[in-house]
Protein chains: 2
Amino acid sequence: MSSRRAPRPAVATHNAQRPSPWRASRERLRDREVKREAVIRAAAHAFNRKGYHNTSLDDIAAALEVTKPTVYYYVTSKEQLLFQCFVAGVEQIRAAFREVKRLNVPARERLKAVLRHYGEAVASEFGWCMVRAEDQDLSPAMSGHIKALKSEIDQGIRRLIRDGIQDGSILPCDPKMTAFALAGALNWIAHWYRENQSMTGAQIAEVFVTVFENGLRPRASAAEGSTRGSARRRARQPAAALAR
Amino acid sequence: MSSRRAPRPAVATHNAQRPSPWRASRERLRDREVKREAVIRAAAHAFNRKGYHNTSLDDIAAALEVTKPTVYYYVTSKEQLLFQCFVAGVEQIRAAFREVKRLNVPARERLKAVLRHYGEAVASEFGWCMVRAEDQDLSPAMSGHIKALKSEIDQGIRRLIRDGIQDGSILPCDPKMTAFALAGALNWIAHWYRENQSMTGAQIAEVFVTVFENGLRPRASAAEGSTRGSARRRARQPAAALAR
DNA sequence: CATCGATCATACTGATGGGTAGTAATCCTA
DNA sequence: TAGGATTACTACCCATCAGTATGATCGATG
């Protein structure tokens, strides 16, 4: 009941995916910024796998094949590390909003584009930090920054929903609650998605967006896409499969 | 940067909502089960507010106006405490599935009923524990139990979706991904919902279910419910509101 | 080659918090 | 009211871990 944390790898095994810039060449590298980013990335990776509280700075240092003071040479605190990971993830979403502003299509299409990027970001390496970083783990100042960024995104989604209702491309609904539902479904991807799974983040986001768009209830208009004509077959019958 | 945890209340202030069974009467109470449940509930409340790792057993004991060894008299470890909270929450959802089995309506209606209860459970006091308890915080044994329970619920939702596609009450879709989307949106409620908010858990679940059912795209059939006739107004126009 | 500044490791501190040993108070029963 | 069982508290142990003091090492530069 004490050794639930995975034994820290003695020399960072199978980490070949992104080799440490330190051990890349035998000598120390000059590039401070490269190394700083490597620290952030290693932290995100570790948080992603073991959670914030179960990751020690020694773990992160070990993954980079350096020691803890070296990590502290590039960041000021563990908290700041988490914050940096968060920002890295959120920035992807903010970029999506900026990009979409230029599109000249109904708001529902713009919303879909944003949600696709959103899903990709959440499935990325920084997804965990974006989504599972809790206010309680951070100082009030950091927490405030994060809340502001999250709120910006939330408000952006709500606005797209409102615009969509305006231009008729989205069914009238409560923008706030609908934004919560959409963002929640996408955020949750970070809880179950692991890399080298069958689907990429983009593919998942695509499927989700389609579900949101169409809804569960079959549509009356038969001339819709290729949804296998004979829906509504056996409707209203007491389902046979229920008994078991 | 050290005192980010809220100062523990000296004598458990404003906890009148559910008074400690210890201090209820001046003498000790006999009822072991009542007190055990009070410990679980206090833990859930604390986890809910401050997170698992930021809650010490001293905190929980203080909330009950007892000391740490007293808490250990009723539970064997902090981990087990989290597990109990989890089970308490999940049981509500399992009950919903059992209840719904008796309904003789299309699968979409049964799914809706389950999701309503699901949303209520997630918005309840145990929502946090159900949803945010991470595998990494638990021993492999506990983690296994929890995964099994979660999987049972997941499979139940997928089955309802499949049944709905069968009986024509649900639009053909990928049951797995759709279940992830629905459960994710509802799970996320635990991240933002706080009690004494304007809406109850049931109301939120109701709104969410409606969104899922209808989808975002306006429906062609105008004879649907009371969705304010003139949707599709201004459709396909480059939205005027876009410029700003 | 001497020196300076940047970079990194060894070895520590201080605090937190899960968990426990031993004991005291209380209750129930006879 | 004696005495065992139950229930609770005081005081402690010890592992973990964020963060740091200090000094070694390396590369560049003159």
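Each chain gets a letter, A, B and so on, in the order the sequences are listed, and its residues count up from 1.
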Report task. In whole angstrom, give the distance that lies between atom OH of Y72(B) and atom P of dG18(C). Result -> 6 Å

Report task. Could you please name the option among dT7(D), dG19(D), dA9(C) that lies closest to any side-chain atom of T70(A)? Result -> dA9(C)

Requested in this report: Calculate the interatomic distance between R32(B) atom CZ and dC28(C) atom P; express it in whole Å.
Outcome: 16 Å

Requested in this report: Check if the side chain of K68(A) and the base of dA18(D) share a donor-acceptor pair of N or O atoms closer than 3.5 Å.
Outcome: yes

Report task. Report yes if a side-chain nitrogen or oxygen of Y73(B) is closer than 4.0 Å to either non-bridging phosphate oxygen (OP1 or OP2) of dT7(D); otherwise report no. Result -> yes

Which donor-acceptor pairs under 3.5 Å do side chains of residues 141-148 of chain B form with protein atoms, sequence neighbours excluded?
none

Query raised in the report: With respect to the side chain of P69(B), which nucleotide from dT20(C), dG18(C), dT7(C) is positioned closest?
Result: dT20(C)

Report summary line: To the nearest angstrom, the CG-P distance between D58(B) and dC9(D) comes to 12 Å

Query raised in the report: Atom NZ of K78(A) to atom P of dT20(D): distance rounded to whole Å?
Result: 15 Å

Report task. Take atom CG of L57(B) and atom C1' of dT20(C), then tell me their distance rounded to the nearest Å. Result -> 13 Å

Query raised in the report: How many Å lie between OH on Y74(A) and C1' on dT20(D), as a whole number?
Result: 18 Å

Query raised in the report: Relative to the ring of W188(A), is the ring of H191(A) parallel (under 30°), tilted (30 to 60°) or perpendicular (over 60°)?
Result: parallel

Query raised in the report: Has the side chain of T178(A) got a donor or acceptor atom that lies under 3.5 Å from a matching backbone atom of P175(A)?
Result: no

Indicate every side-chain donor-acceptor pair of residues 84-96 of chain A with a distance under 3.5 Å to a residue at least two apart or in another chain.
unit_1, atom_1, unit_2, atom_2, d
E91(A), OE2, R98(A), NH2, 3.1
R94(A), NE, E152(A), OE2, 3.0

Query - Whole-Å distance separating the OH atom of Y52(B) from the C1' atom of dG17(C) - result: 12 Å

Query raised in the report: To the side chain of V66(B), which of dG17(C), dC8(C), dC9(D) is closest?
Result: dC9(D)

Query - Length of the line joining K35(B):NZ and dT26(C):C1', which is rounded to integer Å - result: 11 Å

